[in-house]
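Encoded as structure tokens, the structure appears first; notes follow it.
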There are 2 protein chains.
Amino acid sequence: MTERVKETFGGYGTGAPPPAPAALAAKVRTLAPSMTRSVQRVAEAVAEDPAGCAALTVTGLAELTGTSEATVVRTARLLGYPGYRDLRLALAGLAAQQRSGRAPAITTDIAVDDPIADVVAKLAHDEQQTLADTAAGLDTTQLAAAVSALAGARRTDVYGIGASGLVAQDLTQKLLRIGLIAHAHSDPHLAVTNAVQLRAGDVAIAITHSGATGDVIEPLRVAFERGATTVAVTGRPGSSVTRYADHVLTTSTSRESELRPAAMSSRTGQLLVVDCLFVGVAQRTYEAAAPALAASYEALAHRHRSVPR
Amino acid sequence: MTERVKETFGGYGTGAPPPAPAALAAKVRTLAPSMTRSVQRVAEAVAEDPAGCAALTVTGLAELTGTSEATVVRTARLLGYPGYRDLRLALAGLAAQQRSGRAPAITTDIAVDDPIADVVAKLAHDEQQTLADTAAGLDTTQLAAAVSALAGARRTDVYGIGASGLVAQDLTQKLLRIGLIAHAHSDPHLAVTNAVQLRAGDVAIAITHSGATGDVIEPLRVAFERGATTVAVTGRPGSSVTRYADHVLTTSTSRESELRPAAMSSRTGQLLVVDCLFVGVAQRTYEAAAPALAASYEALAHRHRSVPR
DNA sequence: GTCACCCATGAAAGATATTTTCGGTTCCGT
DNA sequence: ACGGAACCGAAAATATCTTTCATGGGTGAC
């Protein structure tokens, strides 16, 4: 009655220093010969499908392998864990690693029959790539010059059409919020009409992916000739629009394909550039911009609190 | 059709099919505002030290955070898991990934005196993070359902105001291009006026980061009551707007700071969601969409060639 | 300012899952 | 065949997780 002898299994035994990293399959192979039949079955199942086993309880795994709970626990001990619970945690970790390991399949184009989850992954990956490329390819000198011009501008006009028009509006909204005078123009006629009003000290920005959108180039040309500081945000650094641009900000675009038109990925890069312009200007005009930023932040924070549930 | 009141506690809505991948920190950030103090404490602890928390039992984590077991379980539920056990498994997986993967890539906030090159790098990194988090946190079931509804819709209305309004327009432009009938509304009155026209088989989409923009919720409510299929694209899965949404698509947002307002990073996630919707619909309606896509591709290609210089 | 209500919270009961015990069974060596 | 030992699973014992419920604090209405 005195001797309560616990089954301490061999293997990594009582004082195993490291529980186990990720080389679980290897350990299973190493220890396999010294295992009994039942334990072996459990160990095999575990090594074969870590993810699946991680989802099972002791009882579940016991049933799956046609053994008992006790055997499952014994297996866990043999593999160096204090109990099944810990083995299960390690298994979950292993599964996560395996999952993250294989993911280079995103490089393919989006196909018509791709499952929706793949679409999400591919699109996200693609836009991330666009961001990285644009950031890397952005000429900070040009950017700094554009920011300086904006920060000191009397007024700013932004031209863009189609998808680029939305980017133009985005920039305008932000600049307005920190006290600058900015307008976005999508209507070519109105754009030119307004461009005539510009003069030295004003800024005109043209946003066009192709760099060849006449309706956007024209107002920029007018502004340029009027003496305004002109900026082009384009994906084609050698295109026509740059002829009338004092500063050229280049966006990178990833491969386009049938299901992912150029407009889609260009937009991402354009927005990054526009954000950089905005933050740059906000830094330069911090004294004036800070209250406005704080105000909009406050407004939002208030909203959040008022919606506790 | 008026009385559908959802009372699901968790943010991720009715039947979140995938428990959660690895974007746990993002989810915590997303849901934080709708959390109570205690739950928030637990969620923070978990997000901060996944590895450490994975080693703790319910009781342990409760003690560590100075709360009760019940609260810990509640937190797990809120984060989208059936119970603490499953959260713990996910935590173990996350920890393993972190350990094997690269450093957590600490991002400091953008400071007033950051050089412009740093601004570019930080903004780019931040938006990349937002994309990754949004992609990981997106409920593909909901997305697929929304796509189905869109593909078969008689007409589609999209509501958005401010920065979200631009996203709404972006979606509308794209849908129009592949032959769907879609309208974007920024004017609350006109939006409601139009929403009244909707009926079963139509689709209404509300885009709002805070999920509490009354001017956007109101038309969605009207559309909902009229029997249209309603979709909400929001950063707050538990917010008011989801009450009238058949399908909720959640966007993740990165930390916001003074120089990087919420509107900025939310836009990135919203656009990704919108792109996914578009591509999904294009796949579904490929027969009809293909010619339209090819046409716009052609047009663009032509433009490029015509501007060699 | 007071009251009533609601909701977050934790203590403890209840339900599961894990670990241990223990006796039956099989297999090996003699 | 027989003794012995190790393997194995059923079930008890324990740990862990989940649910329920009463309480307190706070909030909005009056």
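Every chain is numbered from 1, with letters handed out A, B, ... down the list of sequences. On a predicted model such as this, the values are computed, not experimentally measured, just so you know.
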What is the distance, to the nearest angstrom, from the OH atom on A:Tyr81 to the C1' atom on C:dT18?
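Distance, rounded to whole Å: 17 Å.
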Please report the distance, rounded to the nearest Å, between OH in B:Tyr84 and C1' in C:dT18.
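It is 16 Å, rounded to the nearest whole Å.
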Is there a residue in residues 45-68 of chain B whose heavy atoms reach under 4.0 Å of DNA chain C, and which residues are they?
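Per residue number, the list reads B:Gly66, B:Thr67, B:Ser68.
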Please identify each residue that fulfils side chain to side chain donor-acceptor pair (under 3.5 Å) with [X], with sequence neighbours left out.
X        : value
B:Thr156 : none
B:Ser38  : none
B:Thr193 : none

A:Thr71 side chain N/O closer than 4.0 Å to the phosphate oxygens (OP1, OP2) of D:dC8?
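No, A:Thr71 has no side-chain N/O under 4.0 Å of OP1/OP2 on D:dC8.
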Scan for salt bridge (Lys or Arg N to Asp or Glu O under 4.0 Å) pairs involving residues 205-218 of chain B, sequence neighbours excluded, and state none if there are none.
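Sorted pair list: B:Glu218-B:Arg221.
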Please classify the nucleic acid contact of A:Arg88 as base, sugar-phosphate, or nothing, using heavy-atom distances under 4.0 Å.
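Sugar-phosphate, backbone atoms only, no base.
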Would you check if B:Ile217 and B:Tyr244 make a side-chain contact, meaning some heavy-atom pair closer than 4.5 Å?
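Side-chain contact under 4.5 Å: yes.
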Hey, are the side chains of B:Thr234 and B:Thr251 touching, using non-hydrogen atoms and a 4.5 Å cut-off?
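SC-SC contact between B:Thr234 and B:Thr251 ruled out.
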Just the atom pairs and distances: protein N or O near nucleotides 19-26 of chain D's N or O, under 3.5 Å.
from: D:dT19; atom 1: OP2; to: B:Arg77; atom 2: NH1; distance (Å): 2.8
from: D:dT19; atom 1: OP2; to: B:Arg77; atom 2: NH2; distance (Å): 2.2

Which residue is it: B:Leu272, B:Thr134, B:Leu138? I am looking for the one with a side-chain contact (heavy atoms from CB on, under 4.5 Å) to B:Ser252.
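For B:Ser252, the side-chain contact (heavy atoms from CB on, under 4.5 Å) check succeeds only for B:Thr134.
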